[in-house]
Structures are given as C-alpha cells and as structure tokens.
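Each remark here refers to the structure printed beneath this line.
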Amino acid sequence: MNIVVLVKQTFDTEEKIIVQGGTVSQDGVKLIVNPYDEYALEEALRLREKHGGTVTAITCGNEQSTEALRTALAMGADEAIRLEIEPGDDSASLAAAIAAVVQPLKPDLLLAGLFAVDTGSGSVALQVAERLGLPHASAVVKLEVNGSTLIADRDVEGDTATVEVPLPALVTAQQGLNEPRYPSLPGIMKAKRKPLRVVSRIELGPDAAAPATQRLSVETVPPRAAGKRLGGGTPAELAAQLAKLLHEEAKVL
C-alpha cells in the first residue's frame, strides 16, 4: 500500500499560551507532533507492516517543523515532505497546497489526525479529500483494509458506526485507534539518513490557492469576573434580583 500521512507540529499540550502583539508567542515553547496525527501515523505503520508498501509523512511549516518529520521518520515512515507556508495561509490555502503535493503521489490511503490541538478546526484533511475527490471516514477508532475496501468504526457521540469506503480514501484518526510507538534509538539514527524533500509554493504554481479568510489578531480571553451571591428575601424576590442582573449586567435577557 502507498500511504500518505499528514502531520503537524504543535505546542506541547502542557505549554502555557502567551499572546503578544496580536499573535501567539513561540519563544521557548516545546513543540511536538500533534497527538492525533501520531495515531494516524501509527496506523499507517501498522498497515504497512501488514500489507507492505510505503509511508510518506507530509507537513506544512517553516524549517523548524522539520523536527516533526524527523520524528515521523524515526517512528518508521519511509519518506517525508515539508511544504513551505506563506504569510496569511488559512485552512483553504493549505488544503489546496497539500492536495497539489499529494495528487502525484497517488496514495491508496491518506491518513490524518481528527484535528490539531492548537486550532481545533479539524477541516484541513477533509478539504484535501474534497479537492482530490476522495471518499472519507472521520473520527475513526478501528480500521481494516480488505482488498480495495476500507472498513472503519467511527466515533459518533459516544457510540460507534461502521462504514465501508472504497479505496483510495482519506481517514482521520480519533483517540483510541491505537497506541503510538516511541521512536527507537536505531530509528532516530536512521531518520537522519532518510530522504526529506522540501516543496516551495512556487513549484505548485496555479494549484496553490489564495487564502479564503484573514486573521486580524489573536486576543486572550478576558479575566473572568468574580461571582455574585444572592441572599435574603423570598424565592420570588431572589428570582427577580437574578433576572435584573442577567438583564442589566450580563446582557443575556
């Protein structure tokens, strides 16, 4: 099987988010592979072990994001591609660029995490599937390939739904799909010698779409005000006080 995995470098989930000048500061933060993408990569490696083939990891980012690809290679990916980003990129422009890189690879299966823990949108992979005309199954917790058919159990609001999808297809991985392996020392050493290709947006030409949205700034959530305790009076009087506060202060009535 020819499998492609989309991975993203994100903040460690334990990092404190600091907003400065309308952007999120990256000074001194620890960066990791998005945890949901690790599930996707692990599943790709298991499918390769079972069915043979190759696993290619793709990320979008600056040179620093190469660390995420080296981690993917250390876990067992065969090849890696870093797609350069442009100022103002959003999910639409990134999906268009990724689709342009993936299309000539002609994968039998495209895997990605359900969403990235930094933005939480979970839309890029699905937009890639739409651009490539691929069927998809999202939030997958169990996966099996049977010939030219993919059988997947999807997480649906605390229950599961089983779907059959023809290959090639795209799958997004939910927590519980597997337990990602740790890179071994030999794997880390081999990762330094495995091929890593960098693709510029200029190479993609007309296949690279312009952003559809614009981010003006990032702001922190305002501090939560202290709560108020209502006391004294009858239940009817307390209800009247509460209604007045909700109307005049909270502005929700």
Are [X] and [Y] in one and the same hydrophobic cluster, where Ile, Leu, Val, Met, Phe, Trp and Tyr link if side-chain heavy atoms are under 4.5 Å apart?
X: Leu196; Y: Leu83; result: no
X: Val140; Y: Val145; result: yes
X: Ile58; Y: Leu132; result: yes
X: Leu69; Y: Ile3; result: yes
X: Ile98; Y: Leu105; result: yes

Closest non-hydrogen atom pair, [X] against [Y]:
X: Leu111; Y: Ala40; value: CD1-O, 3.6 Å
X: Ala173; Y: Tyr36; value: O-CD2, 3.7 Å
X: Pro183; Y: Ala74; value: CB-CB, 3.7 Å
X: Asp118; Y: Gln9; value: OD2-O, 4.4 Å
X: Ala152; Y: Leu143; value: CB-CD1, 4.2 Å
X: Thr172; Y: Ser138; value: OG1-CA, 3.0 Å

Checking [X] side chain against [Y] main chain: does a donor-acceptor pair fall under 3.5 Å?
X: Asp108; Y: Asn2; value: yes
X: Asp153; Y: Val141; value: no
X: Asp159; Y: Val156; value: no
X: Arg48; Y: Gly76; value: yes
X: Lys194; Y: Leu73; value: yes
X: Lys106; Y: Gln103; value: no
X: Arg82; Y: Gly61; value: yes
X: Gln174; Y: Arg154; value: no
X: Asp155; Y: Ala139; value: no

Point-to-point distance, once rounded to the nearest 0.5 Å, from [atom1] of [X] to [atom2] of [Y]:
X: Thr71; Y: Leu31; atom1: OG1; atom2: CG; value: 10.5 Å
X: Asn62; Y: Thr66; atom1: CG; atom2: OG1; value: 8.0 Å
X: Asp89; Y: Arg215; atom1: CG; atom2: CZ; value: 11.0 Å
X: Ile151; Y: Lys142; atom1: CD1; atom2: NZ; value: 9.5 Å
X: Leu110; Y: His136; atom1: CG; atom2: NE2; value: 11.5 Å
X: Glu43; Y: Leu177; atom1: CD; atom2: CG; value: 4.0 Å

Note, [X] side chain near [Y] side chain (heavy atom, < 4.5 Å):
X: Leu170; Y: Leu126; result: yes
X: Val101; Y: Leu204; result: yes
X: Leu41; Y: Pro180; result: no
X: Phe115; Y: Ser121; result: no
X: Val4; Y: Ile81; result: no

**Prompt:** Considering residues, nucleotides and ligands other than His51, do more than 12 of their heavy atoms fall under 6.0 Å from its NE2?
**Reply:** yes
**Request:** Might you confirm whether atom CD of Glu203 has over 12 heavy atoms from other residues, nucleotides or ligands at distances under 6.0 Å?
**Result:** yes
**Request:** Output, in order, the C-alpha distance, side-chain angles, deciding distance and verdict of side chain to side chain contact (heavy atoms under 4.5 Å, CB included) for Lys8 and Leu94.
**Result:** CA-CA 12 Å; Lys8 183 180 182 181; Leu94 289 176; over 6 Å; no
**Asked** What residue among Val29, Ile18, Val218 forms side-chain contact (heavy atoms from CB on, under 4.5 Å) with Val24?
**Response** Val218
**Request:** Classify the side-chain pair Asn178/Glu42 by whether it contains a donor and acceptor separated by less than 3.5 Å.
**Result:** no
**Request:** Establish, from distance only, whether the side-chain atoms of Ser91 and Gln127 form a donor-acceptor pair under 3.5 Å.
**Result:** yes
**Request:** Apply side chain to side chain contact (heavy atoms under 4.5 Å, CB included) to the pair Leu230 and Leu245, showing each step before the final yes or no.
**Result:** CA-CA 10 Å; Leu230 303 180; Leu245 290 171; 3.7 Å; yes
